[in-house]
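Just below is one structure, and these are the notes that go with it.
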Amino acid sequence: MQPTRLTPKLSPTLTIEDIVSRTADLPTLPAAALAVMRESESATGSAQSVGKYLAQDGALAARVLRLANSSYYGLSRSVLDVSEAVVVLGMRNVRNLAMVASTYPWMNKPLKGYALAPNEMWRHSFGVAVAASLTAEKSRKVSADEAFVAGLLHDLGKTAISVWLENKLPAMLRIAEKEGLPFDAVERKVLGYDHMEVGAHMAESWNLPQTLVDVMRYHHRPSELTPTNAMVDCVHIGDYLAGSMGFGLGGDGLGYQFDENALSRVGLGVDDLDSLADAFMVSYDQHERLFEETK
Amino acid sequence: MAVASNVLVGMAEIHVLKGSGGFSCLGLGSCIGLCMMDPTAQVAGMAHVMLPEAFADRAGEKPGKFADTAVPELLALLEKAGARPERLVCAIAGGAQVFKFGAEGTNRLEIGRRNAEAVLTHLKSRGYTPRGQEVGGSLGRTMTLVIETGIITVRTVTQGEKTLCNLRA
């Protein structure tokens, strides 16, 4: 049954469950993409099993193949089926392609509640994926491939909460300015929760790995997670880098706090930020080529 | 009739035009959009500066990327196109940053503030003070210059577009 679409308005009694159950067009991840993600993380996962799950969704498999055959990878010959793509590109690469192919259709839509124009949510999410991946690579604390997926999904909650914030953004920004609050604090003040909590709720309902749930819930406040998690720290830093470089800034802009402790926990210092920002721009340009031919 | 072009100035890029047209820097976060114009010669340019200073070990990078190389490069390109240094007027926008870092305000984390300061320092050392500037805060900005009018506008997604200054006035 389709959820009932209510007139979006802020209500003190609107719970996270309400947000998730009553929002029309709530994003979903294809079952095959979730299966591929679980399989690629599993000790028993193999090229064959990942290929098998992916092949169960013809549309997703076709999109993954288009990405695999883009000039970004520069393969000497065309990859014709997903099992071959897994063998040639590797399980984790194909997992990431499946996530990109699954999220792009809904991440490129406008999010009016955050004043994000069409494609801007995608630019931000993809930018954070690239930046978190680079940060992970430099820190050597967590897998860069996994940081890519974590960065890609980190703001999932915004896609659900946005419609409920339409027309409320100016008032929320006034609160932020008047009371000197970061934007996520204003969300908590107005709604009782923030886009991080909503995203974590969605991630839990999708049975995503706990690390991804933690990324969604703590990416603006990484030191509040006990024990802290280097993946959350890398996404926090990636979010800062992509935002600072202007990627997908909505009405909330850069109105979030940066936690310097996240840097030290992954073995980086503030002096690394300029070179990371520079490397991010180079890497983003390269990654973007992956999509130019496949949109 | 030819339509005047509006050049999108991407990150680390510098563009110069003579006669007509204009420039835009889209989605400035902590980056700085720097416009300079000689109204008499009808020559104008824009740089999209990403970081305060060039890395010592990487000579030959795009000069527009860093404040310390972008300012002299923009000036050189403007002069080459016919601008006279003493007639140049300028404006800057951008330099946003994440929410407050702490009280001291000198943190290297503040890329936006450092970018703005670096661009202003390199302009000042050559005798230039911006006719208009809008820097800081947490909002992303789009900066546009139209050569025919000299008007520079700055737009944010929540505050709309406003005129920053007129480089011809």
**Message:** What's the separation between atom CZ in A:F126 and atom CD in A:E288, rounded to the nearest 0.5 Å?
**Reply:** 7.5 Å
**Message:** For the CG atom of A:L249 and the NE2 atom of A:H124, what is their distance to the nearest 0.5 Å?
**Reply:** 8.0 Å
**Asked** Is the side chain of B:T163 donor-acceptor paired with the backbone N or O of B:C165 at a distance under 3.5 Å, no angle test?
**Response** no
**Asked** Would you say B:R126 has more than 12 foreign heavy atoms packed within less than 6.0 Å of its CZ?
**Response** yes
**Prompt:** Around A:K112, counting heavy atoms of other residues, nucleotides and ligands shown, do more than 12 lie under 6.0 Å from its NZ?
**Reply:** no
**Asked** Any idea which of A:D274, A:L169, A:D259, A:D285 has the most non-hydrogen atom pairs under 4.5 angstrom with chain B?
**Response** A:D274
**Prompt:** In terms of heavy-atom pairs under 4.5 Å, which option from A:L116, A:L263, A:D271 contacts chain B the most?
**Reply:** A:D271
Counting only non-hydrogen atoms closer than 4.5 Å, does [X] touch chain B with its backbone (N, CA, C, O), its side chain (CB onward), both, or neither?
| X | answer |
| --- | --- |
| A:P182 | both |
| A:L181 | backbone |
| A:M245 | both |

**Item:** Portion of B:M50 that has a non-hydrogen atom of chain A nearer than 4.5 angstrom
**Value:** both
**Prompt:** Can you say whether B:T158 sits under 4.5 Å from chain A via the side chain, the backbone, both, or neither, judging by heavy atoms?
**Reply:** side chain
**Asked** Are A:F247 and A:Y284 close enough that their ring centres sit under 6.0 Å apart?
**Response** yes
